[in-house]
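Taking it in order: structure first as structure tokens, then the write-up.
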Amino acid sequence: MVPNEKKGRDYKFEFIRVLAIFLVVGSHSLNVLQPDGTAFKDFCIKLISTCFVTCNALFFFISGKFALQKKVEDGEYTNYYSKKFFHVIFPVLVYMVIYTIYDVWSKTHSLEGIGKTIIDNIIFNYNAGHHFWFMYIIVGHLMLAPFMAKILVGLSRREAMIFVGIGILYNTAYAYTPLFTQVPVAWVYPLGLWAIYFYLGGCYDKIIQTDRDRKIILILGTAGLIIIFLKMYFSSYQSFICDLMPSFTFFSLMVYQILQKFHTDNKKIQSFIIFLGKRAFGVYLIHIIVIWEVLPSLSFTTTYPNVISLFAVMVIVFIISIIVSYLIELILLAPIQKQGVYLIKKTFSGKQPD
């Protein structure tokens, strides 16, 4: 996920951001829900994990919505890219270093060769099997966003549907071809795979405009959830069920649509949601280490491996992650970010940064 750098934050989308990061914490704590051999608990674990993993799609939707809704003017590129580097890429690199040091030290109690390990992790290793995988995808599209925004703003509704439809069709072919051929798809569509979720976020408001459109999403999303479960229970082919298959895409869109209905007139609640939204990126970056450190000490998770225990873990990890990430930001990140943006803006334009 990436922070929303808009000056005026919409609490409704900050609510989605906060809920999504809460689901991220939950998806990485699901081992609390140990199966007991009953069909009911197995069903509950599958349902919870399927709902939780929509967090990935939600973050792509939100990132695309805000990154692609406004064109960057010719004189604003320095400001745009300096902010993206210091507020998105730089924190990720710092946390990758922290994770590498933590991981190497906890396993070997030595930092021998740590420099090469850090480089290897940043360049490649954290791309798979680690929560940083999201950043390897999103950063490239954020670099393209100022130019793609100029394209998307000019699209008609029909053109936007064709644009995202190609990506969904490509993902369908990519996900299902191995089922019939036993070999993966080698043909490349540059805006396919997870990228299409980013552009769906940018095109959603252009495509979904009427109550009829929203009903169609509800129908497709419900059908998608049913198909997901039919595959889980009756299909031996389990690849791409909760990421690239169109059934998951439409289910995620339905969740995104439902969450947008959240509303409150309470200004304090709105302010609290916006505050949590500002902390969500930090929670994303640090929460895995917090889980590693905290979960083994929570004895109730093994004594009572149920949904209540899972929720308790999520709340504990979420709160600790907010505190730890805030301290890291305050002590390490913020001073460098502020000075870095200032120096780049002053060097290239002679103007004060925003």
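Index from 1, following the sequence.
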side-chain contact (heavy atoms from CB on, under 4.5 Å) assessment of Y99 paired with H131: CA-CA 11 Å; Y99 272 84; H131 72 295; 3.5 Å; yes
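- Of all non-hydrogen atoms in V32 and P305, the two that sit nearest each other are O-CB, 3.2 Å.
- At distances below 3.5 Å, not a single donor-acceptor pair connects side-chain atoms of T108 with backbone N or O atoms of W105.
- Under the 30°/60° scheme for interplanar angles, the aromatic rings of F147 and Y77 are found to lie parallel.
- Using a 3.5 Å distance cut-off with no hydrogens or angles, the side chains of T264 and N266 do not pair a donor with an acceptor.
- Judged purely by distance below 3.5 Å, without hydrogens or angles, the side chains of H263 and Y11 pair a donor atom with an acceptor atom.
- Taken from OG1 in T303 to CG in N306, the straight-line distance is 10.5 Å, to the nearest 0.5 Å.
- Between the side chains of H287 and H28, at least one donor N or O lies within less than 3.5 Å of an accepting N or O.
- Side chains of D103 and T100: no donor on one and acceptor on the other come within 3.5 Å.
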For side-chain contact (heavy atoms from CB on, under 4.5 Å), just list the numbers for F22 and F311, CA-CA rounded to whole Å, side-chain angles, deciding distance to a tenth of an Å, and then say yes or no. CA-CA 10 Å; F22 196 62; F311 182 77; 3.8 Å; yes
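- Between the side chain of Q257 and the backbone N or O of R214, at least one donor-acceptor pair lies under 3.5 Å.
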Run the numbers on H141 and Y199 for side chain to side chain donor-acceptor pair (under 3.5 Å), then give the verdict. CA-CA 9 Å; H141 292 286; Y199 294 99; 3.0 Å; yes
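- Note: F281 and Y284 have parallel aromatic rings, judged against thresholds of 30 and 60 degrees for the angle between ring planes.
- Not a single donor-acceptor pair under 3.5 Å links the side chain of Q339 to the backbone N or O of I336.
- Side-chain N or O atoms of N121 include none that pairs as donor or acceptor with a backbone N or O of I118 at under 3.5 Å.
- Taking each heavy atom of I273 and F262 in turn, the nearest pair found is CD1-CE2, 3.5 Å.
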side-chain contact (heavy atoms from CB on, under 4.5 Å) between Y95 and S325, worked out: CA-CA 10 Å; Y95 274 92; S325 64; 3.7 Å; yes
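- Taking the six-membered ring for Trp and thresholds of 30 and 60 degrees, W133 and W194 have ring planes inclined between 30 and 60 degrees apart.
- K65 forms no cation-pi arrangement with Y204, by the criterion of a distance under 6.0 Å to the ring centre and an angle within 45° of the ring axis.
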Stepwise side-chain contact (heavy atoms from CB on, under 4.5 Å) check, Q337 with F85: CA-CA 9 Å; Q337 289 170 329; F85 176 79; over 6 Å; no
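- Scored by the side chain to side chain contact (heavy atoms under 4.5 Å, CB included) test, Y233 finds D42, F43, K46, F229 as partners (sequence neighbours excluded).
- Scanning both residues, G26 and L310, for their nearest heavy atoms gives O-CD1, 4.1 Å.
- Of all the heavy atoms in I274 and R9, the pair that sits closest is CG2-CD, 3.7 Å.
- Side chain of Y81 to main chain of M143: a donor-acceptor pair is present (N/O by atom type, distance under 3.5 Å, no hydrogens or angles).
- At distances below 3.5 Å, at least one donor-acceptor pair connects side-chain atoms of R157 with backbone N or O atoms of I207.
- Between K206 and E159 there is no salt bridge, since none of the side-chain N atoms of the basic residue sits less than 4.0 Å from a carboxylate O of the acidic one.
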As a quick check of understanding, evaluate side chain to side chain donor-acceptor pair (under 3.5 Å) for E293 and Y102, giving each step before the final call. CA-CA 11 Å; E293 286 295 314; Y102 174 92; 2.4 Å; yes
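- Side chains of T249 and Y197: a donor on one and an acceptor on the other come within 3.5 Å.
- Distance alone, capped at 3.5 Å, places no donor-acceptor pair between the T54 side chain and the T50 backbone.
- A donor-acceptor pair is defined here as one N or O able to donate and one able to accept, closer than 3.5 Å; no such pair exists between the side chain of T177 and the backbone of Y174.
- Remark: side-chain polar atoms of N171 are not paired, donor with acceptor, to backbone N or O of M245 under 3.5 angstrom.
- Proximity of a side-chain donor or acceptor of S321 to a complementary backbone N or O of I286 within less than 3.5 Å is not detected.
- No continuous path of ILVMFWY side-chain contacts below 4.5 Å connects V185 to L169, so the two sit in separate hydrophobic clusters.
- With 3.5 Å as the limit, one finds no donor-acceptor pair spanning the side chains of T117 and D120.
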